[in-house]
S.K.: 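The following block contains the structure, expressed as C-alpha cells.
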Amino acid sequence: MKKIIVAIDGYSSCGKSTMAKALAKYAGYTYIDTGAMYRAVALYGISKKIITKDNIDEVRLRTELDNIHIGFIKSGEQQHTTLNGEDVESKIRTMEVADGASRVSTIGFVRKHLVALQQKMGEQKGIVMDGRDITTVVFPNAELKIFVTAAPETRAQRRFDELKEKGDNVIYEDILKQVIERDYRDSHRSESPLTQTADSMLLDNTNLNKEEQFELIKTWFNNAVKE
Ligand code: DC
C-alpha cells in the first residue's frame, strides 16, 4: 500500500486533532500538530516578554527564531510538545498561549519558518498533519485533504467542558467570544488565511459523534491509498 500525506485544516476546537490522532494510529502514520508549533513559539515569546498583552516585538522575535527548538515526544499513549527540550504540553494549552499563538501566526516570517520545518517532516510521507494552512500552503499536493468544521457554539461548549475538566475556572461566554475572534482572525489574515480548497473533503461534525466521523475518514483514507 502506498504511503500518503493526509492534510487536515479547520477551525479551532473542532476536534481536528482527536480525529487526526485516531487516523494516524489506524494508519500507522506520524501525527504532527502544527498548532502546537505556533503555540510553542508564543509560549517562548511570552516567557521572554517578546509578546505582551498588546504588543509583539517582531525584531526580537525574528532574531530569536533559531533559538526556538520545537519537538514532539511520546508520553505513554500521548504525544507531547517540547520547547528547547522541556515538555510544555500543558503550558501551551492555556487561553493566554492560544491567544498569543493566534497573534503570532499572522506574522509572515514566523509562518515561513514553521512551514519549512513542517515540509521537512513530511518528506518521507506517512504523516497526518493538522493546522490551518496544511491543505493550502504546506502540502497543496497531499493525496488526502480534509476540511473540518462545526458550529461555533458546539466548539465553544466542547472547549469549555475540556477546560472545566482540567479544573480551569472558565466562563462559557468568554470561550465563545474567543472562538469567534480566533475564527475571524484565522480566516481573514493576509498570511495564509484558513480556507477550504476545492479538492478537500468537508467534515462538518456539529451533529456527528467520534465514531461516525472516524468511519467517514477511514473510508476516505482507504480510498486515497488505493488510488
Ligand atoms: O490549532 P490550535 O488552536 O492549536 O492553533 C493555535 C493557533 O495557531 C491558532 O490561532 C491558529 C494558528 N495556526 C496557524 O495559523 N496555522 C497552523 N498550521 C496551525 C495553527
Side-chain angles (χ1 to χ4, degrees), residues 5-48 50-51 61 64-105 110-111 113-134 138-139 146 148 155 158-170 175 178-179 182 186 210 213-214 217:
I5 290 180
V6 182
I8 305 180
D9 283 327
Y11 290 106
S12 64
S13 309
C14 62
K16 278 194 311 285
S17 65
T18 308
M19 221 179 60
K21 274 180 214 159
L23 178 61
K25 193 168 174 201
Y26 169 79
Y29 282 14
T30 303
Y31 165 62
I32 298 156
D33 174 358
T34 62
M37 298 171 78
Y38 288 90
R39 286 170 183 262
V41 171
L43 178 65
Y44 182 91
I46 292 167
S47 70
K48 299 275 179 192
I50 296 170
I51 301 174
L61 185 60
E64 297 231 17
L65 267 189
D66 287 333
N67 301 330
I68 306 177
H69 301 287
I70 302 163
F72 296 102
I73 51 163
K74 272 211 154 253
S75 174
E77 273 286 287
Q78 305 290 323
Q79 179 170 295
H80 283 192
T81 310
T82 61
L83 170 61
N84 294 336
E86 182 198 347
D87 182 338
V88 291
E89 191 56 35
S90 64
K91 285 190 187 168
I92 61 168
R93 302 293 166 194
T94 65
M95 283 175 78
E96 185 192 11
V97 173
D99 184 65
S102 173
R103 287 160 57 210
V104 106
S105 68
V110 173
R111 301 204 69 85
H113 180 78
L114 293 184
V115 166
L117 292 177
Q118 290 152 8
Q119 287 172 332
K120 213 161 170 41
M121 292 172 178
E123 271 170 358
Q124 309 297 320
K125 300 213 173 188
I127 59 158
V128 179
M129 186 178 279
D130 72 6
R132 304 291 189 288
D133 61 342
I134 314 306
V138 183
F139 295 118
I146 303 174
V148 196
R155 290 184 282 127
R158 289 177 188 156
R159 187 89 196 103
F160 175 79
D161 294 343
E162 253 173 51
L163 291 169
K164 267 272 175 223
E165 204 177 297
K166 270 188 13 196
D168 287 6
N169 191 17
V170 283
I175 296 187
Q178 198 190 41
V179 163
R182 284 172 66 195
D186 289 348
K210 277 186 191 148
Q213 284 187 70
F214 194 53
I217 300 162

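Because the structure is a prediction, the values reported are computed rather than measured.
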S.K.: From Ile70 CD1 over to His113 NE2, what is the distance, rounded to the nearest 0.5 angstrom?
M.R.: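 Going from the CD1 atom of Ile70 to the NE2 atom of His113 covers 6.5 Å.
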
S.K.: Once side chain to side chain donor-acceptor pair (under 3.5 Å) is applied, do any residues pair with Gln119, and if so which ones, sequence neighbours excluded?
M.R.: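 With neighbours one apart ignored, the set is empty.
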
S.K.: Apply side chain to side chain donor-acceptor pair (under 3.5 Å) to Ser13 and list each qualifying residue two or more places apart in sequence or on a separate chain.
M.R.: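 So Ser13 forms no side chain to side chain donor-acceptor pair (under 3.5 Å) with any residue.
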
S.K.: Taking the side chain from Ser105 and the backbone from Ala101, do they hold a donor-acceptor pair closer than 3.5 Å?
M.R.: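 Judged by distance alone, yes, a pair lies under 3.5 Å.
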
S.K.: For residues Val148 and Met19, determine if any side-chain heavy atom of one lies less than 4.5 Å from a side-chain heavy atom of the other.
M.R.: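 Yes. Closest side-chain heavy atoms under 4.5 Å.
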
S.K.: Going by salt bridge (charged side-chain N to carboxylate O under 4.0 Å, His left out), name the residues that satisfy it together with Glu96, two or more places apart in sequence or in a different chain.
M.R.: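 Not a single residue meets the salt bridge (charged side-chain N to carboxylate O under 4.0 Å, His left out) criterion with Glu96.
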
S.K.: Quick one: list whatever passes side chain to side chain donor-acceptor pair (under 3.5 Å) with Asp168, sequence neighbours left out.
M.R.: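 None.
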
S.K.: Please name all residues satisfying salt bridge (charged side-chain N to carboxylate O under 4.0 Å, His left out) with Asp133, sequence neighbours left out, ordered by chain then number.
M.R.: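 If we apply the salt bridge (charged side-chain N to carboxylate O under 4.0 Å, His left out) test to Asp133, skipping adjacent residues, the hits are Arg111.
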
S.K.: Let me see the working for Leu83 and His69 under side chain to side chain contact (heavy atoms under 4.5 Å, CB included), right down to the final yes or no.
M.R.: CA-CA 6 Å; Leu83 170 61; His69 301 287; over 6 Å; no

S.K.: According to side-chain contact (heavy atoms from CB on, under 4.5 Å), who are the partners of Ser47, at least two apart in sequence or on a separate chain?
M.R.: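 Testing Ser47 for side-chain contact (heavy atoms from CB on, under 4.5 Å), a comparison that skips the adjacent residues, returns none.
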
S.K.: Considering non-hydrogen atoms only, spot the tightest contact between Thr30 and Ala24 and give its length.
M.R.: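 It is C-CB, 4.4 Å.
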
S.K.: Is there a donor-acceptor pair closer than 3.5 Å between any side-chain N or O of Thr94 and the backbone N or O of Val97?
M.R.: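 Pair found, side chain donor or acceptor close to backbone of Val97.
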
S.K.: Working to the nearest 0.5 Å, report the span between CE of Met129 and CE of Met121.
M.R.: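 Met129 CE to Met121 CE: 6.0 Å, rounded to 0.5 Å.
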
S.K.: Taking all heavy atoms of Ala42 and all of Gly100, pick out the closest pair and write down the distance.
M.R.: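 Shortest heavy-atom separation between Ala42 and Gly100 comes out as CB-C, 3.6 Å.
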
S.K.: What verdict does the side chain to side chain contact (heavy atoms under 4.5 Å, CB included) test give for Leu61 and Val104, after you've listed the backbone C-alpha separation in whole Å, the side-chain angles of each residue and the deciding distance to 0.1 Å?
M.R.: CA-CA 10 Å; Leu61 185 60; Val104 106; 3.8 Å; yes

S.K.: Who passes salt bridge (charged side-chain N to carboxylate O under 4.0 Å, His left out) against Arg39, sequence neighbours left out?
M.R.: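 By the salt bridge (charged side-chain N to carboxylate O under 4.0 Å, His left out) rule, Arg39 matches no residue at all.
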
S.K.: Quick check: closest heavy atoms across Asn84 and Ile68, and the distance to 0.1 Å?
M.R.: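 Smallest interatomic distance, heavy atoms only, reads OD1-C, 3.8 Å.
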
S.K.: Would you say Ile217 and Ile146 make side-chain contact, with heavy atoms under 4.5 Å?
M.R.: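 The answer is yes, as the side chains (C-beta and beyond) meet within the 4.5 Å cut-off.
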
S.K.: With side chain to side chain donor-acceptor pair (under 3.5 Å) as the criterion, how do His80 and Asp87 come out once you've worked through the C-alpha distance, each side chain's angles and the decisive distance to 0.1 Å?
M.R.: CA-CA 7 Å; His80 283 192; Asp87 182 338; 2.8 Å; yes

S.K.: Can you see which heavy atom on Ile92 is nearest to which on Ala36, and at what distance?
M.R.: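 So the two residues come closest at CD1-CB, 3.9 Å.
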
S.K.: Between Asp9 and Ile134 (side chain of the first, backbone of the second, donor and acceptor by atom type, cut-off under 3.5 Å), is there such a pair?
M.R.: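 Checked: pair present.
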
S.K.: With sequence neighbours left out, what residues match Glu89 under side chain to side chain donor-acceptor pair (under 3.5 Å)?
M.R.: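 If we apply the side chain to side chain donor-acceptor pair (under 3.5 Å) test to Glu89, skipping adjacent residues, the hits are Thr81, Arg93.
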
S.K.: Apply side chain to side chain contact (heavy atoms under 4.5 Å, CB included) to the pair Val170 and Phe160, showing each step before the final yes or no.
M.R.: CA-CA 7 Å; Val170 283; Phe160 175 79; 3.9 Å; yes

S.K.: Heavy-atom distance under 4.5 Å between the side chains of Tyr38 and Leu114, does that happen here?
M.R.: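 SC-SC contact between Tyr38 and Leu114 confirmed.
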
S.K.: Can you name the closest pair of heavy atoms from Gly122 and Ile5 and give their distance?
M.R.: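 Looks like O-CD1, 3.7 Å.
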
S.K.: Does the pair Ile127 and Tyr31 meet the rule for a side chain to side chain contact (heavy atoms under 4.5 Å, CB included), with working shown?
M.R.: CA-CA 6 Å; Ile127 59 158; Tyr31 165 62; over 6 Å; no

S.K.: For Tyr29, what residues pass the ring pair (Phe, Tyr, Trp, His ring centres under 6.0 Å) criterion, not counting sequence neighbours?
M.R.: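 Expected list: Phe221.
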
S.K.: Counting only heavy atoms not in Lys164 (residues, nucleotides, ligands), do more than 12 fall under 6.0 Å from its NZ?
M.R.: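 More than 12 within 6.0 Å, yes.
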
S.K.: Please name all residues satisfying side-chain contact (heavy atoms from CB on, under 4.5 Å) with Asn67, sequence neighbours left out, ordered by chain then number.
M.R.: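 For Asn67, the residues satisfying side-chain contact (heavy atoms from CB on, under 4.5 Å) (neighbours in sequence not counted) are Tyr44, Glu64.
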
S.K.: If you measure from NZ on Lys48 to CD1 on Ile46, what distance do you get to the nearest 0.5 Å?
M.R.: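 Result: 13.5 Å between the selected atoms.
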
S.K.: How would you list all residue pairs meeting salt bridge (charged side-chain N to carboxylate O under 4.0 Å, His left out) that involve residues 15-31, not counting sequence neighbours?
M.R.: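 Only Lys25-Glu77 qualify under salt bridge (charged side-chain N to carboxylate O under 4.0 Å, His left out).
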
S.K.: For the atom pair CG (Asp99) and CZ (Arg182), what is the distance rounded to the nearest 0.5 Å?
M.R.: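 Asp99 atom CG to Arg182 atom CZ measures 8.5 Å (nearest 0.5 Å).
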
S.K.: Taking salt bridge (charged side-chain N to carboxylate O under 4.0 Å, His left out) as the test, write out the residues that go with Lys74, two or more places apart.
M.R.: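 By the salt bridge (charged side-chain N to carboxylate O under 4.0 Å, His left out) rule, Lys74 matches no residue at all.
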
S.K.: Could you report the tightest heavy-atom contact between Ser12 and Arg155, atom names first, then the distance?
M.R.: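 Minimum heavy-atom separation between Ser12 and Arg155: O-NH1, 2.8 Å.
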
